[in-house]
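Presented below is the structure to which this report refers.
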Amino acid sequence: MRDQGPGLSEEDLERMFERFYRGDPARGRGPRHGSGLGLAIVRQIALSQGGLVRARNHPEGGAVIELLLPKA
């Protein structure tokens, strides 16, 4: 999945799958909600199924998040 935003900061790319990590509030669009657990849970589910989740910035702009799971 690729969004059309400005991409992710280097710190977000390094830490976004850590438990309780929440990115820079200045980059948000509204009131901050959540506990910073969602992407950590996604990572754990992917790992438990033999897969992985990763994030990067697309060369043409925007962020790309990939969830890769093995074939059954």
Side-chain angles (χ1 to χ4, degrees):
M1 170 175 88
R2 175 179 163 208
D3 72 12
Q4 301 300 314
L8 299 163
S9 70
E10 289 301 316
E11 181 178 15
D12 286 345
L13 285 171
E14 291 174 17
R15 300 188 58 205
M16 66 189 294
F17 298 106
E18 292 177 13
R19 287 184 298 155
F20 307 113
Y21 178 73
R22 293 171 50 178
D24 181 358
R27 295 174 60 96
R29 295 186 190 179
R32 304 266 310 172
H33 297 288
S35 61
L37 289 173
L39 290 174
I41 291 169
V42 169
R43 184 180 84 188
Q44 284 305 121
I45 292 170
L47 291 173
S48 74
Q49 299 302 309
L52 63 96
V53 62
R54 61 187 178 195
R56 63 183 170 86
N57 287 320
H58 193 277
E60 295 175 17
V64 177
I65 298 179
E66 299 172 303
L67 172 63
L68 304 168
L69 297 171
K71 275 185 152 179

Where is the tightest heavy-atom contact between Ala46 and Leu67, given as atom of each residue plus distance?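 In this case the closest contact between Ala46 and Leu67 is CB-CD1, 3.6 Å.
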How does the hydrophobic cluster around Ile41 look, that is, which other residues are in it when side-chain heavy atoms under 4.5 Å mark a link?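 Hydrophobic cluster check, Ile41: joined to Phe20, Leu37, Ile45.
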Residues clustered with Leu52, ILVMFWY side-chain links under 4.5 angstrom: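 Leu52 clusters with Leu68.
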State, yes or no, whether a side-chain contact exists between Leu39 and Tyr21 at a heavy-atom distance under 4.5 Å.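 Result no, sub-4.5 Å side-chain heavy-atom pair not found.
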Pairs satisfying salt bridge (Lys or Arg N to Asp or Glu O under 4.0 Å), at least one member in residues 38-51, at least two apart: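 Output for this query is empty, none listed.
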Atom pairs and distances, side-chain donor-acceptor, residues 58-65, under 3.5 Å, sequence neighbours left out:
from	atom 1	to	atom 2	distance (Å)
His58	ND1	Glu60	N	3.0

Could you tell me which residues satisfy side chain to side chain donor-acceptor pair (under 3.5 Å) with Gln49, sequence neighbours excluded, listed by chain and number?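 With sequence neighbours excluded, Gln49 shows a side chain to side chain donor-acceptor pair (under 3.5 Å) to no residue whatsoever.
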Which distance, rounded to the nearest 0.5 Å, do you find between the CZ of Arg22 and the OG of Ser35?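 Atom-to-atom, Arg22:CZ and Ser35:OG are 8.0 Å apart.
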Output all residues satisfying salt bridge (Lys or Arg N to Asp or Glu O under 4.0 Å) with Glu11, sequence neighbours left out; order by chain, then residue number.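 Partners of Glu11 under the salt bridge (Lys or Arg N to Asp or Glu O under 4.0 Å) test: Arg15.
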Surrounding CZ of Arg2 (heavy atoms of other residues, nucleotides or ligands, distance under 6.0 Å), is the total greater than 12?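 Enclosed.
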Assess whether side-chain contact (heavy atoms from CB on, under 4.5 Å) is satisfied between Met16 and Leu8, documenting all intermediate values. CA-CA 10 Å; Met16 66 189 294; Leu8 299 163; 3.8 Å; yes
